[in-house]
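Atoms within each ligand, like the ligands themselves, are counted from 1 in listed order.
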Amino acid sequence: MGWNNWNTFACDVSEKLLLETSKLLGDYGLKDLGYQYVVLDDCWSVGRGDDGYLIPDTAKFPRGMGAVADELHKEGFLFGMYSSAGEMTCARYAGSLDYEVQDAESFASWGVDYLKYDNCYHMGRMGTPLISFNRYNEMAKALKKTGRAILYSLCSWGEDYVHTWGGSIANSWRVSGDIYDSFARPDDLCACNNAADPACVAPGTHCSVLAIINKVAPYIDRGLPGAWNDLDMLEVGLGGMTEEEYKAHFSMWAALKSPLLLGNDLRAMDATTLSIVNNPAIIALSQDPRGRAAMRIARNLTVPKDEHGVGEAQVWSGPLANGDQVVIFLNAADEDLDMSASLAELFVLQGPGGSAAEAKRDWAVRDLWGSISSSGSGGGGGGGGGARMGRADAQAVLDATSEAERGAVLRRANWYNATEKPYAEGLAEGDARLLGERVGTVKAGGRLEARVGRHAAKVFRLQSAAGGGGKADAGSTGGDDDGSIGKDEL
Ligand SMILES: *[C@@H]1O[C@H](CO)[C@@H](O)[C@H](O)[C@H]1NC(C)=O
């Protein structure tokens with residue numbers, strides 16, 4: 001979790017931008033919700049010196065990159081940088097192809113904690129999984145050789161089946177061409193909507209939220225702790241989507257275990273945006289200790305379509321560490337829908353055809369966006385309270401003129417602080433701020449039903465009615481870091 005400058009600022013980067021942004025991440029309580037990486041994207045160098053090492057642009061970074069890392073580390077942040085596995089970066093600055101060792105040394109010496117490694121100008125070294133693997137593996141080996149722990153983030157746009165080999169050498173891999181600030185608008189530049197289509201040779205850019213979700217659905221299970229599908233940086237707050245679309249975008253990225261890198265200008269953030277990205281009940285899906293992405297269990301294409309011919313509805317479901325289950329009803333149709341799914345289908349991962357023990361239990365249903373929490377009535381921590389910060393509180397956080405004033409608002413709202421209480425701990429305790437609002441029950445063998453607005457998502461956490469308080473039922477916890485979900489855990 002963190003922030004990357006690209007979606008708003010592209011090449012307009014500087015030390016000042018990174019440090020002003022990190023200050024706000026801290027002030028607004030976002031760092032303490034988990035947003036810790038501050039990632040500088042393309043356009044930071046002036047080229048390569050005669051010694052073969054990259055030279056930072058001192059007009060943008062007057063004290064060099066090491067000074068930026070030091071400042072960020074002092075405030076408890078982690079520093080990310082960018083390069084490309086090509087002769088040039090995407091904005092045509094010097095790339096790292098065939099200079100992996102030198103550049104990894106530079107990153108390590110500057111104190112970099114994360115490398116986003118792009119795919120532009122690769123000199124034709126792609127076309128089979130092995131060719132791409134070898135090209136990306138050069139940087140993996142070079143980073144490892146430095147001895148510094150650097151999160152390695154592949155940005156190869158899903159090319160050459162990166163989901164089948166990325167996890168062997170990297171911590172995350174992009175599954176698609178670049179995201180753009182649209183929920184569902186198809187665009188010819190985002191050509192590869194079907195990863196299995198052999199004609200798909202240009203992952204491109206201008207991929208909508210829906211296009212990316214559809215692209216990753218067939219291999220969402222490739223993501224595991226330490227090696228994640230990357231659905232690209234967030235567009236929340238940039239202005240091209242409605243509030244409901246941004247909530248759906250954020251929820252899907254969290255439940256599908258994509259990195260959550262904010263892409264908005266924090267200096268111009270509004271209350272609506274803050275109260276989307278600081279919802280601790282949604283972030284708790286992302287940070288769930290079990291580390292399993294939800295999977296798509298239903299897709300309905302026979303719903304009203306928009307003027308582009310786009311319209312569909314999807315149901316996603318997945319197990320969480322404490323024995324709860326996350327369920328998302330995603331409505332990308334052109335009108336409001338009544339959506340539903342049977343427990344037998346929702347627990348298909350635990351056993352198809354209604355054979356799962358889970359399908360034969362009663363479940364409490366909690367809405368992770370719930371009603372708005374109000375600081376006047378005990379805040380987000382209240383028993384049945386909503387998970388989302390109220391607009392007035394969010395505005396007060398943004399408007400506060402001193403740290404004390406802002407701290408007082410966050411305390412009054414009883415806002416979640418993962419520095420104080422890590423998500424794993426909060427979930428194990430059944431902290432109500434992570435569990436959303438209780439909205440109903442589904443009886444054994446029954447169906448979960450909800451009305452879902454056009455271009456919106458309903459996000460539920462099902463809790464075994466026998467358990468309660470977010471505690472696991474006996475025998476139903478246990479991580480599955482071997483990548484399989486089998487009966488043995490149930
Ligand atoms: C979160 O908790 C930590 C540790 O107690 C504290 O230093 C920090 O100020 C808290 N953050 C906020 C936003 O209150």
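The shortest N/O to N/O separation between Thr419 and ligand 1 does not fall below 3.5 Å.
Relative to the ring axis of Trp369, Lys458 does not place its NZ or CZ within 45° and under 6.0 Å from the centre.
Scanning the protein heavy atoms around atom 5 (O) of ligand 1, the nearest turns out to be Glu420 OE2, 3.3 Å. Here the heavy atom of the protein found nearest to atom 9 (O) of ligand 1 is Asp32 OD2, 4.3 Å.
For atom 7 (O) of ligand 1, the nearest protein heavy atom lies 4.0 Å away or farther.
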Report the C-alpha separation of Glu75 and Lys31 in whole Å, then their side-chain angles, then the decisive distance to 0.1 Å, and conclude whether the salt bridge (Lys or Arg N to Asp or Glu O under 4.0 Å) test is met.
CA-CA 10 Å; Glu75 302 300 323; Lys31 184 183 78 156; over 6 Å; no
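No side-chain N or O of Ser83 forms a donor-acceptor pair with one of Asp103 less than 3.5 Å apart.
With contacts defined as side-chain heavy-atom distances shorter than 4.5 Å, the pair Trp6/Cys11 qualifies. The shortest distance between side-chain heavy atoms of Val216 and His163 does not fall below 4.5 Å.
Close approach of ligand 1 to Leu410 is summarised as follows: ligand atoms under 4.0 Å from at least one heavy atom of the residue are 13 (C). The distance from ligand 1 to the heavy atoms of Asn417 drops below 4.0 Å at these ligand atoms: 1 (C), 2 (O), 3 (C), 8 (C), 10 (C), 11 (N), 12 (C), 14 (O).
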